[in-house]
Amino acid sequence: MKFVLSSLVMNLPNAVTGEALTAQQKFQNVLKQAMLAEELGFEAYGVGERHGAPFLSSSPPVILSAIAARTSRIRLLTTVTVLSVLDPVRVAEDYATLDHLSGGRLELIIGKGNDPRHYPLFGITEEEQWESLSERYALLKRLWNEENVTWQGRYRSSLDNVTTQPRPLQQPIPVWHGSASSTISTELAAKYGEPIFSSNTFHPQAKYKALIDHYRERWAYYGRDPKDAVVGAGAGSLYLANTSEEAVRRFRPYYDAFISTAAAQHNQSPFRDLEDNLKNGPVLVGSADFVIEKILNYHRAYGHQVLSISVDGLTEAEQREQMERFAADIAPVLRREIPSTVWESQSAASQQEGLLSVHQA
């Protein structure tokens, strides 16, 4: 298994200390987090896209460019790029530029997003989101793969003989399809022969498994080899301690603070409380043994090769503690237990560098 540390650049007052960071302090925190992730051997760092408080992640390509300048190996993911509201020409230009600045480390995860506040900002309705996403992605692929593109559609002005600049460094830039709520996204991924990344954050396992199963069914329908269908998955927040009781006690204030936000409530998670989420949901809070077994349980259901975790909301000291615990106690076990063909060229260097950093800490 391979690992992504991701952030939505959530900037709430700390649930334990009450401390509130400025936007500048939060961005610096994200940069340090990404550099530490590389030192610890995480294969990728992801930045999501949101357009409203408490998130500061409205410009992932800008944040990832700053991270690219401070790192050398780690893959840079968008978790996700809300393509349903964005101009494909602007996306093609911005992310091709980032692809060059990062030395070809960019991977795009596209989706419609799960925060309805972005629709009025960009002039489409929520009802149009899927049709918009499909049209915009078809154009983005052409802009990256072709020159002298002539095109006409519904969600932007027509193009006549257009070649976007710069051309991508990677041929092609890898694209994943974010999957959270609809078979439309899994159908799109299967149609194009591209991997999916399950949100796996707010709901029970069965909901996300049904979408992953649909992806694999449609993958086969299009005549593709089942072994080539690649799945990644999120996991919600991470909090490790020597015992599960200690982890739950220390994490509870953070959990309660987040689920009270309007952004979290929009997702209508069915979990009653932290204990319900621990038992029936994806949150990774507990001892190392508990978390390993939970991830293995989800892998048996999903068959995913990549796992994304988050330490958003914690103090900077706790972020470091959690990342170091995960790198030392969780990642080596899962790398042995779960084969992954993703980012194989980075794998050996990642593991060696991460273990060295943990031993030196």
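What's counted below: heavy atoms across the whole structure, side chains too, no hydrogens, waters or symmetry copies.
Sorted by first and then second residue, the pairs that involve residues 145-166 and meet salt bridge (Lys or Arg N to Asp or Glu O under 4.0 Å), not counting sequence neighbours, are Asp87-Arg156, Glu128-Arg154, Glu131-Arg154, Arg142-Glu146. Within the structure, no pair that satisfies the salt bridge (Lys or Arg N to Asp or Glu O under 4.0 Å) test touches residues 258-267, not counting sequence neighbours. Listed by first then second residue, pairs satisfying ring pair (Phe, Tyr, Trp, His ring centres under 6.0 Å) with a partner in residues 123-160 read Tyr137-His177, Tyr137-Tyr192, not counting sequence neighbours. Applying the salt bridge (Lys or Arg N to Asp or Glu O under 4.0 Å) test to pairs two or more places apart or on separate chains, those with a residue in residues 170-187 are Glu187-Arg218. Within the structure, salt bridge (Lys or Arg N to Asp or Glu O under 4.0 Å) contacts touching residues 283-298 (residues at least two apart or in different chains) are Glu293-Arg300. Listed by first and then second residue, the ring pair (Phe, Tyr, Trp, His ring centres under 6.0 Å) pairs involving residues 273-320 are Tyr298-Tyr302, His299-His304, Tyr302-His304 (not counting sequence neighbours).
The side-chain heavy atoms of Val291 and Val285, taken from C-beta on, include no pair separated by under 4.5 Å. Contact annotation: the side chain of Pro174 never approaches that of Trp343 to less than 4.5 Å [non-hydrogen atoms, C-beta and beyond].
Applying the ring pair (Phe, Tyr, Trp, His ring centres under 6.0 Å) rule to Phe3 yields the partners Phe326; only residues at least two apart in sequence or on another chain are considered. The ring pair (Phe, Tyr, Trp, His ring centres under 6.0 Å) search around Tyr208 returns none, not counting sequence neighbours. Partners of Arg224 by salt bridge (Lys or Arg N to Asp or Glu O under 4.0 Å), not counting sequence neighbours: none found. With sequence neighbours excluded, no residue forms a ring pair (Phe, Tyr, Trp, His ring centres under 6.0 Å) with Tyr255. Scanning for side chain to side chain contact (heavy atoms under 4.5 Å, CB included) contacts around Thr17 gives Asn14, Glu19, Thr315, with sequence neighbours left out.
Counted by atom type alone, Asn200 and Gln205 present zero donor-acceptor pairs between their side chains at under 3.5 Å. Gln33 and Gln319 share a donor-acceptor pair across their side chains, judged by distance under 3.5 Å alone. Lys26 and Asn29 share a donor-acceptor pair across their side chains, judged by distance under 3.5 Å alone.
The structure places OG1 of Thr78 at 12.0 Å from CG of Asp94, a figure rounded to the nearest 0.5 Å. Rounded to the nearest 0.5 Å, atoms OH (Tyr95) and CG (Leu143) are 15.0 Å apart. Distance check: Phe202 CZ to Asn277 CG gives 10.0 Å after rounding to the nearest 0.5 Å. Ser6 OG to Asp312 CG: the interatomic distance, rounded to the nearest 0.5 Å, is 7.0 Å. The CZ atom of Arg90 sits 13.0 Å away from the CG atom of Leu140 when rounded to the nearest 0.5 Å.
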Show your reasoning for whether side chain to side chain donor-acceptor pair (under 3.5 Å) applies to Ser198 and Ser179.
CA-CA 5 Å; Ser198 174; Ser179 172; 5.2 Å; no

Take Ser102 and Arg75 through the side chain to side chain donor-acceptor pair (under 3.5 Å) test and state the conclusion after the steps.
CA-CA 9 Å; Ser102 67; Arg75 303 293 293 176; over 6 Å; no

Begin from the C-alpha positions of Gln305 and Thr341 and carry the test side chain to side chain donor-acceptor pair (under 3.5 Å) through to its verdict.
CA-CA 8 Å; Gln305 298 188 41; Thr341 60; 3.1 Å; yes

For Trp176 and Glu107: C-alpha separation, side-chain torsions, deciding distance, then whether side chain to side chain donor-acceptor pair (under 3.5 Å) applies.
CA-CA 8 Å; Trp176 303 65; Glu107 306 213 3; 2.8 Å; yes

Take Arg250 and Glu246 through the salt bridge (Lys or Arg N to Asp or Glu O under 4.0 Å) test and state the conclusion after the steps.
CA-CA 6 Å; Arg250 291 174 61 182; Glu246 179 189 358; 3.3 Å; yes

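When each of Leu169, Leu108, Ile63, Leu106 is paired with Leu98, the side-chain contact (heavy atoms from CB on, under 4.5 Å) condition holds for Leu106 and for no other.
A salt bridge links Arg320 with Glu324; the closest basic N to acidic carboxylate O contact falls under 4.0 Å. Here Arg252 does not pair with Asp256 in a salt bridge; the nearest charged N to carboxylate O distance is not below 4.0 Å. Under 4.0 Å is where a charged nitrogen must lie from a carboxylate oxygen, and between Glu275 and Lys279 no such pair does. Arg335 and Glu43 are joined by a salt bridge, as a carboxylate oxygen and a charged side-chain nitrogen come within less than 4.0 angstrom of each other.
The nearest pair of heavy atoms linking Pro166 to Ala96 is O-CB, 3.3 Å. Taking each heavy atom of Phe42 and Met323 in turn, the nearest pair found is CE1-O, 4.2 Å. In this structure, Val47 and Ser57 approach most closely via the heavy-atom pair CG1-CB, 4.3 Å. Residue Ile74 comes nearest to Glu38 through the heavy atom pair N-OE2, 2.8 Å, listed as atom of the first residue, atom of the second, then distance. Contact detail for Glu126 and Pro116: the closest heavy-atom pair is OE1-CB, 3.8 Å.
Using a distance-only test at 3.5 Å, with no hydrogens or angles considered, a donor-acceptor pair links the side chain of Lys2 to the main chain of Val342. Remark: the backbone N or O of Leu31 is not paired with any side-chain donor or acceptor of Arg70 at under 3.5 angstrom.
Through direct or relayed side-chain contacts under 4.5 Å between Ile, Leu, Val, Met, Phe, Trp and Tyr, Met35 connects to no other residue.
Val62 and Val30 fall into different hydrophobic clusters, where Ile, Leu, Val, Met, Phe, Trp and Tyr are joined by side-chain heavy atoms under 4.5 Å apart, directly or via other members. When the side chains of ILVMFWY residues are joined at heavy-atom separations under 4.5 Å, either directly or via intervening members, Tyr221 and Leu188 end up in two distinct hydrophobic clusters.
Remark: aromatic rings of Phe122 and His51 are close, center separation under 6.0 Å.
Residue-environment remark: CD (Gln152) stays at or below the threshold of 12 foreign heavy atoms within 6.0 Å.
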